[in-house]
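Every chain is numbered from 1 and lettered A, B, ... according to where its sequence line falls, protein lines coming before strand lines.
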2 protein chains.
Amino acid sequence: MRSDHFIWKGKGYSARFLAMLKAKTPKNLQSGKSTLDEADARIVAALDSDARLSMSELARLVGMSAPSVSERVRRLGSAGVIRGFTVDVDTRAIGYQIRAMVRIRPLPGKLHLVEKLIQERPEFVECDKITGDDPFLARLVVHSIEQMDDVLEVLSEHAVTSTAVIKGTSVKRRLPPL
Amino acid sequence: MRSDHFIWKGKGYSARFLAMLKAKTPKNLQSGKSTLDEADARIVAALDSDARLSMSELARLVGMSAPSVSERVRRLGSAGVIRGFTVDVDTRAIGYQIRAMVRIRPLPGKLHLVEKLIQERPEFVECDKITGDDPFLARLVVHSIEQMDDVLEVLSEHAVTSTAVIKGTSVKRRLPPL
DNA sequence: GTTGAAAATAGCACGAA
DNA sequence: TTCGTGCTATTTTCAAC
């Protein structure tokens with residue numbers, strides 16, 4: 001048995017083991033933040049508020065030169081932190097009056113079929129696989145209640161669904177602490 | 001009574017009334033699409049796949065001149081169709097290992113308090129107000145199970161929560177038919 | 001990470017369909 | 001109205017440091 005495994009200071013852990021624990025949980029995670037350094041955090045936050053900011057403007061905001069931020073953005077992309085840049089579309093402004101969250105419980109043996117049906121219906125604009133009684137939780141966007149019924153009808157032979165219409169938004173999509 | 005209110009062709013509606021109904025439901029809505037014309041639809045779709053496309057590249061993709069698409073993008077913005085441009089961040093790549101969907105049912109009289117608590121907790125990255133037994137459905141992003149407990153602990157005095165951990169994604173966020 | 005120059009791009013005024 | 005052309009200012013990119 002090596003000496004650094006000995007009980008030390010009444011805590012039951014060696015100094016080295018305690019240090020190792022600390023190393024595995026970076027300081028910024030302990031305080032509820034992300035693993036990004038401050039410059040990257042500011043870049044990501046700025047791009048979140050406006051993904052079309054020019055690199056030069058972004059450079060001004062974070063206090064660096066344009067080539068530097070440009071390189072950081074490129075690296076954030078290849079590191080998988082930034083998956084892409086998208087547009088925030090108001091679906092109601094293009095005729096989709098109703099949004100709903102649908103919990104979906106496939107009948108026995110129909111899990112994969114149901115997943116495929118969800119993926120094939122473009123009105124399902126998002127779907128997560130979750131723990132619990134209902135394996136799928138999907139976001140649905142439709143023009144009318146009639147269209148909502150049409151979409152759910154497709155699943156009705158193969159799954160039990162619980163639909164909750166979205167009445168409003170308490171928290172608009174945002175990033176966790178960076 | 002005007003003649004165009006008379007029953008016509010055994011359907012119970014006048015020709016003018018039928019035409020009006022048709023006018024209120026544009027053809028593209030009948031076929032499950034949006035209210036955008038084809039050029040705008042292509043612009044929005046292209047920006048959704050890459051919001052940082054230059055106007056000249058976008059112009060090439062949709063087969064128009066740069067000033068034309070530029071003006072259309074501006075108009076889509078002021079029409080409220082495009083709310084903004086954002087970045088798609090992989091929260092796991094920045095240290096947030098766990099995502100969960102939380103249904104939240106405030107205790108009697110605590111609806112507004114609970115909504116405020118949700119909004120103040122940055123780990124709730126999204127929250128919709130929905131119909132049904134649980135008024136709120138929130139998306140939670142945390143580093144660890146311990147942190148998840150910490151967040152839910154804040155609500156525990158004022159609400160009943162049901163948490164489902166996200167195991168994977170069946171449909172990545174996408175736009176409905178344009 | 002910074003600087004500076006070359007190439008590409010954006011924004012604007014104006015003209016055409 | 002909506003789209004296209006030409007000009008100018010800004011921005012992006014790449015080099016070298």
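- Between the C1' atom of C:dG1 and the CG atom of A:Asp37 lies a distance of 13 Å, rounded to the nearest Å.
- In this structure, B:Arg52 atom CZ and C:dA8 atom C1' are separated by 15 Å, rounded to whole Å.
- Residue B:Glu153 qualifies as open at atom CD: its count of foreign heavy atoms under 6.0 Å is 12 or below.
- Residue A:Ser56 places no side-chain N or O under 4.0 Å from the OP1 or OP2 atom of D:dT10.
- Here A:Arg75 lies out of heavy-atom contact (under 4.0 Å) with every strand.
- Taking atom CE of residue B:Met64 and atom C1' of nucleotide D:dT5, one finds them 16 Å apart after rounding to whole Å.
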### Message
Is there a side chain to side chain contact (heavy atoms under 4.5 Å, CB included) between B:Leu76 and B:Asp40? Walk through the geometry before answering.
### Response
CA-CA 8 Å; B:Leu76 287 166; B:Asp40 283 345; 3.9 Å; yes
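- Whole-Å rounding puts the A:Leu58 CG to D:dT12 C1' distance at 13 Å.
- For the pair B:Ala59 and B:Ser65, the tightest heavy-atom approach, listed with the atom from each and the gap, is CB-C, 3.6 Å.
- Taking atom CE of residue B:Met55 and atom C1' of nucleotide C:dA8, one finds them 15 Å apart after rounding to whole Å.
- Counted within 6.0 Å of CD on A:Glu38, heavy atoms from surrounding residues, nucleotides or ligands total 12 or fewer; the atom is thus considered open.
- For the contact set between residues 65-74 of chain A and DNA chain D, defined by any heavy atom under 4.0 Å, the members are A:Pro67, A:Ser70.
- Between A:Arg139 and B:Asp128, at least one side-chain nitrogen of the basic residue sits less than 4.0 Å from a carboxylate oxygen of the acidic one, meeting the salt-bridge criterion.
- Put simply, CD on A:Glu57 is 13 Å from P on D:dT10, counting in whole angstrom units.
- With sequence neighbours excluded, no residue satisfies salt bridge (charged side-chain N to carboxylate O under 4.0 Å, His left out) with B:Lys110.
- Put simply, CG on B:Asp40 is 10 Å from P on D:dT2, counting in whole angstrom units.
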